[in-house]
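Note that the coordinates shown come from a computational prediction; the quantities given were computed from them, not determined experimentally. Below, each value reflects all heavy atoms present in this structure, side chains not excepted, and no hydrogens, waters or symmetry copies.
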There are 2 protein chains.
Amino acid sequence: MASEVRSRVTVIDVARAAGVSVATAARALGGYGSVSQASRRKVDEAAARLGYTPNMVARSMITGSTKTIGVIVADIENQFFQLVLRGVSRVLSEAGFDLVLANTEESIEVERRSLRVMTSRRVDGLILSPTEVADVAQIRAVADSGIPVVLLDRRLRGLKVDSVGIRNRAASHEATTYLLDRGHRQIAVVTGGGAEHAEELRSGNVGRLRRMSATTLGTRTAGYLEAIEAAGIAHVPDYVVANGFRQSDARTAARELMRLPQPPTAIMAFDSLLNLGVLQGLGDAGVRCPDQVSLIGFDDAPWAEVVDPPLTVIAQPTEEIGALAARQLLDRLGGESGAPMNHRLPVRLIERQSVARPPG
Amino acid sequence: MASEVRSRVTVIDVARAAGVSVATAARALGGYGSVSQASRRKVDEAAARLGYTPNMVARSMITGSTKTIGVIVADIENQFFQLVLRGVSRVLSEAGFDLVLANTEESIEVERRSLRVMTSRRVDGLILSPTEVADVAQIRAVADSGIPVVLLDRRLRGLKVDSVGIRNRAASHEATTYLLDRGHRQIAVVTGGGAEHAEELRSGNVGRLRRMSATTLGTRTAGYLEAIEAAGIAHVPDYVVANGFRQSDARTAARELMRLPQPPTAIMAFDSLLNLGVLQGLGDAGVRCPDQVSLIGFDDAPWAEVVDPPLTVIAQPTEEIGALAARQLLDRLGGESGAPMNHRLPVRLIERQSVARPPG
DNA sequence: GACGAAGGTGAGAACGTTATCGCATCGGCT
DNA sequence: AGCCGATGCGATAACGTTCTCACCTTCGTC
């Protein structure tokens, strides 16, 4: 009974077994056109008996739709993307779409390749979290070829596609102001960016930053700068560190910040892995948080409440960002036309215990 | 120039533009058969000029291979699966395969549906983390139909497919023994299982447990029981709690454990989200860890070192599990035949500060 | 009783590739 | 000179569906 048949059952086989034409069998199985009760019964019975499973590949071939959405994320290890993915996955699966996933690990080369692969797989749509140095032309080419694209967490200059995210500049402005209000004057940021942007970020030139291909960390740094400038505080280049996205990078960053002649009294970190690294780095340096140095982070990870000290964070509605991106994509697939939508979801500052007044 | 053409360029167009036959153009573009330098150049040039992108769907149609691996996980929110996914993704993408992801959210119904979808998508192989109540017959049907399947983290009785994971019984035995060695006699476990298994788990009957469709939590609980029995300690049903997989479930569990007439002096939790929940629950109950209650967890999450207190855990080589699963699958795809492999990777007990001697 | 609309059916084209086969050409060998 | 294998090439079948079209039946309506 457990026939190890590699040869697959096709509609043709089912049609023959049911004594109807291929067209009728296909209609009954595919649920389109009109089929009589009697035929439908015969076909269903034959299909069950033969163990027929439809071939999506052949179906896609002719319909032109693969019922597949490509999702390209920068780093699957990042808490942010995990929850985004969850939201995306939930919405898509309810709508009968599947998800093919690519992890670029922050590499522009891999991103280019993934984009090509997605195109040749004929995905119906694309959710994309572009790397810092995204190939805008390539993304435009994909969008122009008729595949709807939704960008996560950032807009790309000169690219008219939908995007979903938060107001990054306002969010970091809010976080910085929160620190300023508590009396901090020496505030550092751990951005996560790589060496290629370090100079730009350190420059303290807001205009230049906002032009800088609008990366998440660029805009967030701009918000920080605007806040401290508004408070009449001079920019200290050494307070803006961009030495990488990994936990260990942030750990190093925190240690080095504390070794500065004039170390900061507060630190802001731009994602949950960086939060963690900074916390470790402070521990390494023998600095107590928040008594000696305050810390405010981005992203409310499940562990944020349990670390020592419980972390004050800017919480993004992460899963909702993913869900909304998926819904936006489905709307476009459903024929919605019109100007690109730039959804900005609200953030929430969650006060816990990692921020205190500066010592002294 | 930015032609918004929806009509796609095909090999036929390229062939015509290059002045060669379709077969030759296809050979040049597909990189098979033999093509002269001259033809190849003409074809490549024409393809570039027309903006040709190959159609994987059509290719799959004829070759029978989609270069796609289906990955079905129980809960994408779980740290364990995130890292597994990372390992899988890395290995697969190096081998030129893509990954279609399904998240069952621990639902057998969704798992069944996902399995059907994967089949009809004609994935080349499947990596599956079956739910507790997996439909073995369905999985067998998939495997028998010629699609290689690799199981994550557990074997299924009567199912001859490859699997990758750890020695769950030995691991929890080790963790329990670690607690026993430090003088604990009242040890509770937060398993994460649902109500449907609560009775079985509480029963304390090792034989019955090991027969219980071999779930991860079943085997882990068995290891725990064997360890305390070997130490001559009577089983206390209330010490085995199975009230759900979420962080909040574990939080409740810990609170209730501490309300018992005779509360445990140590708790073991079976995954990183549960670890977190227990830690919070202890905090809610006003119980200090490890002074009053010790905690040992499974999975070394990035935050395990930073929580208060730093967590002693059984670390699984999570990413390596994913990578190995993917490699095993690729081997089968490469024609490896022979008996199913059950890879068991070593775990590591990482001592930090959440375990102390019991008070008094 | 004629007519149109609607429901049901089947034959065959179409989707865009790769596989199969047969034919030509070209060296290098006997 | 004749033969052989290797290489290059083209015409066409094939993959498993859905789509298009034409046709037939049935039924209600004027």
Side-chain angles (χ1 to χ4, degrees), chain A residues 5-44 46-47 50-68 117 119-124 145-146, chain B residues 5-44 46-47 50-68 117 119-124 145-146:
Chain A
V5 279
R6 248 200 159 307
S7 71
R8 294 231 164 243
V9 180
T10 74
V11 262
I12 302 182
D13 304 320
V14 174
R16 192 150 29 216
V20 297
S21 74
V22 177
T24 299
R27 276 189 276 254
L29 294 168
Y32 61 96
S34 57
V35 187
S36 69
Q37 287 290 335
S39 296
R40 186 181 308 277
R41 205 174 37 70
K42 280 190 292 183
V43 171
D44 286 349
L50 298 180
Y52 169 79
T53 58
N55 185 332
M56 264 292 275
V57 179
R59 176 177 299 176
S60 298
M61 183 83 232
I62 180 80
T63 62
S65 157
T66 53
K67 285 293 201 172
T68 302
V117 168
T119 314
S120 84
R121 281 193 179 280
R122 299 294 191 262
V123 295
D124 291 340
S145 79
Chain B
V5 277
R6 247 204 162 303
S7 72
R8 296 234 163 238
V9 180
T10 74
V11 262
I12 302 182
D13 303 320
V14 175
R16 189 149 34 212
V20 298
S21 74
V22 177
T24 299
R27 277 190 277 255
L29 294 168
Y32 62 96
S34 59
V35 188
S36 70
Q37 287 290 334
S39 297
R40 187 180 309 276
R41 205 173 38 70
K42 280 189 292 182
V43 170
D44 286 348
L50 299 180
Y52 170 78
T53 57
N55 185 332
M56 262 292 272
V57 179
R59 176 177 299 176
S60 298
M61 183 83 232
I62 179 80
T63 62
S65 157
T66 53
K67 286 292 202 174
T68 302
V117 169
T119 314
S120 83
R121 280 193 180 280
R122 299 294 191 262
V123 295
D124 291 341
S145 80

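A distance of 12.5 Å separates CZ of B:Arg122 from OG of B:Ser65, quoted to the nearest 0.5 Å. Atom-to-atom distance recorded for A:Ser21:OG and A:Arg16:CZ is 12.5 Å, nearest 0.5 angstrom.
By the 4.5 Å heavy-atom criterion applied to side chains, A:Thr66 and A:Met56 are not counted as neighbours. Residues A:Ser36 and A:Arg41 fail the side-chain proximity criterion, which asks for heavy atoms closer than 4.5 Å. The side-chain heavy atoms of A:Tyr52 and A:Leu29, taken from C-beta on, include a pair separated by under 4.5 Å. Side-chain contact between B:Thr68 and B:Asp124 is absent, with no heavy-atom pair separated by less than 4.5 Å.
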Which letter, B, S or -, goes with each nucleotide of nucleotides 5-13 of chain D from 5' to 3', with contact meaning a protein heavy atom under 4.0 Å? --SBBBB--
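To the nearest angstrom, P of D:dG16 lies 9 Å from CG of A:Asp13. The NZ-P distance, from A:Lys67 to D:dT18, rounds to 13 Å in whole Å. Following rounding to the nearest Å, A:Arg41 (CZ) and C:dG8 (P) show an atom-to-atom distance of 15 Å. As a whole-Å value, the separation of A:Arg59 CZ from C:dG16 C1' is 19 Å. Spacing between atom CD1 of B:Ile12 and atom P of C:dT17 amounts to 8 Å, rounded to whole angstrom units. Atom CE of B:Met61 is separated from atom C1' of C:dT17 by 10 Å (rounded to the nearest Å). Rounded to whole angstrom, the span from the CE atom of B:Met56 across to the C1' atom of C:dG16 amounts to 13 Å. Rounding to whole angstrom units, OH of residue B:Tyr52 and C1' of C:dT17 are separated by 7 Å.
The nucleotide whose nearest atom lies closest to any side-chain atom of A:Tyr32 is, among D:dT17, D:dT18, D:dC15, D:dT18. In this structure, the nucleotide among D:dG16, C:dG16, C:dT18 sitting nearest to the side chain of A:Ala58 is D:dG16.
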